[in-house]
Structure formats: structure tokens, C-alpha cells
Amino acid sequence: MQLYQTQELKIYNSLSGKKEVFKPLNEGHIGMYVCGPTVYSNVHLGNCRTFMSFDMIFRYFKHLGYKVRYVRNITDAGHLEDDAEDGEDKIAKKARLEQLEPMEVVQRYTLDFHNILNKFNFLPPSIEPTATGHIVEQIEIVKAILDKGLAYVVNGSVYFDVAKFSETNDYGKLSGRKLEDMIANTRELTAQDEKKSPQDFALWKKAEPQHIMRWPSPWGDGFPGWHLECTAMSTKYLGETFDIHGGGMDLKFPHHECEIAQAEAWNNQTPVNYWMHANMLTLNGRKMAKSTGNNILPNEIFSGENPFLSKAYSPSVVRFFMMQAHYTSILDLSDEALLASERGYQRLMDSIASLEQLPTGDSSDFNVAAWVQKGYDAMNDDFNTPILIANLFEAVKHINLIKEGKETISAADKKILSQAMQNFVFDILGLENQNSTQSNSDKLSNVVGLLIEMRNEARANKDFATSDKIRDQLAEMGIQLKDGKDGTTFTLS
RNA sequence: GGCAUUGUGGCCGAGUGGCUAGGCAGAGCUCUGCAAAAGCUUGUACAGCGGUUCGAAUCCGCUCGAUGCCUCCA
């Protein structure tokens, strides 16, 4: 008996705009695809929030007993910087600027991405495919769509014919846009355009001679269009129709809309049952974006080296902060909000730490079974982690009362409570009970600094019994004091 | 300009047609040598204006504001 058989999960489906009861295509199995990062610069905190939301979702599915194939791609082919005639590949541009091979850039930022995600305690996806590893598959899709007459070749590039597609399919159903409105509101294009219509999008782009990233194709040397890789990789690993496709809200249009169009044109069936969009992390009320410079890098938050922050925050505190907001809500990052989260996180962790030594009694003043189900109810309601956390604090209150002898808990309930805390806090939310090593070593320096000061005061008062006691006992603990001309320092042995 | 989302107490952030989360901060009390921690008590918030309703912060309309997308973007 798996948990998913008793817990009814509802998911907000962007396609219908409603919460729907989740039913996978194959019972007990879930196929989930999430659009990953373009690896041309360091992953920023906003990127992390989206991936963290899906990490939490992945964790909950696994906890419920589902077998999940979670595919999250790495976009390493690069895409057009702008629509101008000298359109240059993002990755190629960065490579030129840094005098690196494009694949060197890809490698550097892929490593950075993985490194940061590890610090945040992410579970690795089942498959992490790259766009450049699936050029052949993408070319095959372009061919198939051309054969159906839903794309056209112009000067070595292939474009998807949105108008033609709209005759038989609903282009715009995900983002709530109407093609006629889009045509009516088309911006003036300054550059000459090969496309029949501004709504059309590239399936394959011709590579100019100076373009470094290029592959041979039936239409000449070029590179795949931005939207195509996800269709190629999701179909290859999850099938023509699969359960869940996720990504950031900003990808809803045009990226995901185009993915739907391509896949429907290619396979005559809708590719995804549940579309999920994680909302943006803002900084000072504005979207974090690499392009505008309004962003914080994860390492800046771990070190506190950012003008917006008063101090360093551990990855787990940041994770807790993010989990306190629902994944579909915009979340604004501020130092004040992080401080509040840090205090709350610490209270939660202190309570969990005291759980082991909690005295047990004959009965429980606290309905543990009902409390556990409330936690599941929160998660089952479209992964409502803020409600789950509120419920966790309900338990914190009881744990503290039991600790003070004002309430009792039975041994059996204590075991259930302990296991549920483990499940909710560590397995599902993905938090870790660790103060950052940085802040611990800071605390240690402060503590030893205080002792050094006291010892100096004692020495000044010729109270050598005290001063020697401080020195010798610290030495026993492996902390060696060193008196020098400029004061006392210490080393750890 | 178009499409979408959104507007909750000092701050962050849930939620529901009537029983009004949670965290942080604040106030009072208990405990304590003093603190801290912990516990208890406390805050009648839902942008504005209309409408529907016995009743709306929750539904509808309008106004104002914010954000995202419409060009690469998590």
C-alpha cells in the first residue's frame, strides 16, 4: 500500500486555470519535465527558487510512493540574443568575451549550477539531458513538421507557421492569448524579417559564418530554435504525452506555448496533462534577472557579501524562507524577511533536536495522528508548504510544552511525531539541520575572543588562578592560546 | 497598447461566503540571581467605490496601484 493511494493530491494546472485532482497516466508512475537553466552565467537566486519548487514537488511525489522520472534539461546550445540581423548566440557571445570555447563556458556554468544546487540540498533529477546532445532528434522533428506543411524554409532557416497551425489547433490556449489579438498588437519590427508573420517562431536557424555553435542539417549549417530542445528531450524520455511539465512563469509564453504547438503539429496529440508554473522571486519588488543586474547570487547570500544583506544566511535558511511562500506566488526577498525566517527556522530546528529526549507518558494531550494528516492535507492542496510549515509550528508548541512537563505524549505518539517531522521537514521540504559552518566558526571566534578578554582582565588583576584556568582548559579542548606582542590569538588543533 | 496574475495587520506570508493560518517584530504576565530560552495572553488586517447576498476581505463590476509576459529569461 503506497501513500498515494490514500492521499488525494490536487495540482493547479496552468492549462485549465484550476486545481485538478492529480491522476498520472500510469498508476504509480509519474513523468515530469522541467525546463532547466541556460548555462551562460552563474545561476542566480531567482533561478534557484523555481528549481527548488520542483525539487520539493519531486520529493513529495517520491514520499507518496510514486516512481518518478524527473527530467530537467541543460540548455547549452544557446539561443538568439535578439532579433537583429547580427543575432548572436548567447553562449557563443560569452565565449568570445571570455576567450573560451563555447563548451568550456557550458562546462563552467553547469558545474556552478550543480554546485549551488548541492548546497541547497537538491535531489538530482533522474535524467539531465543537454540540448547539444539531441541535435539529431531535433532535426528529425523539424523534418516531420515540414512534411506536414506546418513549417517553411527561408534562406536556410525553418520557421513554424503559426497561422496555418491555428486553422486546426488552438494556439494560445496555455497563456490565454488569441492569435488575432496578437496580430493586432504586433510591435513594429525594425529589422527585416524572413518570417511570414511575427508570431512564427524558429525551429531551425541558419548559422552565419562567424557563428561558432553550428551543426549540419538538410537546410545547411545552423542550430536549433529555442523551443525545440524541450520537445525533443521530453518526448524522447517521457513519451508523446506525459504527466507534468514545469518551469518558471516567465516561460509560459512564448516558450511553453510554442512547445505545445510543435508537439501537437508533430504528434497530433497534446504533449502534457498538467502544466505547472513556479512564480518569480523578486528583489526590491522587481524580477531578478541576469540581464538587468537586479539579482543576488547564491554565494553572495551564503557569505553575506551583498549590499542588500546585513549578514550571511545558510542555504537551509534560504530554503526555509522560500518554502514559507506558495510556489505559485511571487516572493519578494529582503533582509528583514530573511532574518525573520532565520529565527523561525532556528526555533523549528531546536524543537526537533529536543524531540529525542522528550519524556513520554501514558497518554497524549496532543492528537498526533490528526496533526500528521493536517500536514498531508496541506501538501495535497497543490503543495501548500506555507500551511505545512504553520502546522509544523503547531507541533513545536506542543513539543515545548511537553518538554516543560505541561503536557504529555505517549511513547507510541512520540515515535509517530518524530517520524512525521523527519518526513515533512527533511524529506519533503528538503531542509537540513545545520548551522552554516561559516556562522559556527564565527561564533567560535567570538566565544574565544570573549574568553581571551576575560583572561586578560584576570591577568591585569593578578588573578592568575582564573587566567590559567581559562588557558589550560581551552588547551584541553584543543584551543591553543598564543600570546604575542600585538595581543592574543588562537589556533585549533 | 494587449494578455495574465495580484493588492491581507509594523514586516513576511496563508486562507475561506458566516466559526477570521503561521513566522518575525511589539506589549503584558509566568519562570529565572540577572538575562536568554520556553510558555500563556494580546493585535479585530484584508487597496478604493459600487453591486449580489440574511451575511463578503472571500462572488461580480468599475477605479487605482503593483508585478510578469508580449524580445533572451526560472
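Because the structure is a prediction, the values reported are computed rather than measured. Per chain, numbering begins at 1; letters A, B, ... match sequence-line order.
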Check: Are a donor atom and an acceptor atom from the side chains of A:Asn380 and A:Tyr60 found within less than 3.5 Å of each other?
Finding: yes
Next item on the list: Say whether A:Tyr237 and A:His134, considering side chains only, have a donor N or O and an acceptor N or O under 3.5 Å apart.
Entry: yes
Which one is paired to [N], where only Watson-Crick or G-U wobble pairs with both distances under 3.5 angstrom count?
N      : answer
B:rC46 : none
B:rA57 : none
B:rU52 : none
B:rA4  : B:rU67
B:rG39 : B:rC29

Check: Think A:Lys397 has a side-chain N or O under 4.0 angstrom from the OP1 or OP2 of B:rC40?
Finding: yes
Margin query: Does B:rC72 have OP1 or OP2 under 4.0 Å away from a side-chain N or O of A:Thr38?
Written below: no
Checklist line | Sidechain N-carboxylate O distance under 4.0 Å for A:Glu342, A:Lys311 | finding: yes
[X] [atom1] to [N] [atom2]: how many Å, rounded?
X        : N      : atom1 : atom2 : result
A:Leu392 : B:rA21 : CG    : P     : 18 Å
A:Glu180 : B:rC3  : CD    : P     : 12 Å
A:Asn279 : B:rU6  : CG    : P     : 9 Å
A:Ile399 : B:rA38 : CD1   : C1'   : 13 Å
A:His256 : B:rC69 : NE2   : C1'   : 13 Å

Which value, in whole Å, describes the distance between the [atom1] atoms of nucleotides [N] and [M]?
N      : M      : atom1 : value
B:rG9  : B:rC49 : P     : 16 Å
B:rG15 : B:rC3  : C1'   : 27 Å
B:rG18 : B:rA56 : C1'   : 9 Å
B:rC72 : B:rC64 : P     : 31 Å
B:rU6  : B:rC60 : P     : 11 Å
B:rC40 : B:rA57 : P     : 31 Å
B:rG13 : B:rG23 : C1'   : 8 Å

Margin query: Could you check whether any side-chain heavy atom of A:Ile11 comes within less than 4.5 Å of a side-chain heavy atom of A:Lys19, counting everything from C-beta outward?
Written below: no
Check: Which sits closer to the 5' end of RNA chain B, A:Ala340 or A:Cys48, going by the nucleotide each is nearest to?
Finding: A:Ala340
Margin query: So A:Asn384, base contact, sugar-phosphate only, or nothing? Heavy-atom distance under 4.0 Å.
Written below: sugar-phosphate
Notebook entry, point to check: Which part of the nucleic acid, if any, lies within reach of A:Thr328 when heavy atoms closer than 4.0 Å are counted: base, sugar-phosphate only, or nothing?
Noted result: nothing
Note to self: Let's see if you can work this out: which of B:rA21, B:rU67, B:rA74 has an atom nearest to the side-chain heavy atoms of A:Ile330?
What the structure shows: B:rU67
Next item on the list: Can you check whether any acceptor in the base of B:rC70 is under 3.5 Å from a donor in the side chain of A:Arg177, or vice versa?
Entry: no
Check: Between A:Asn279, A:Asp382, A:Thr50, which is the residue that forms a side chain to side chain donor-acceptor pair (under 3.5 Å) with A:Tyr327?
Finding: A:Asp382
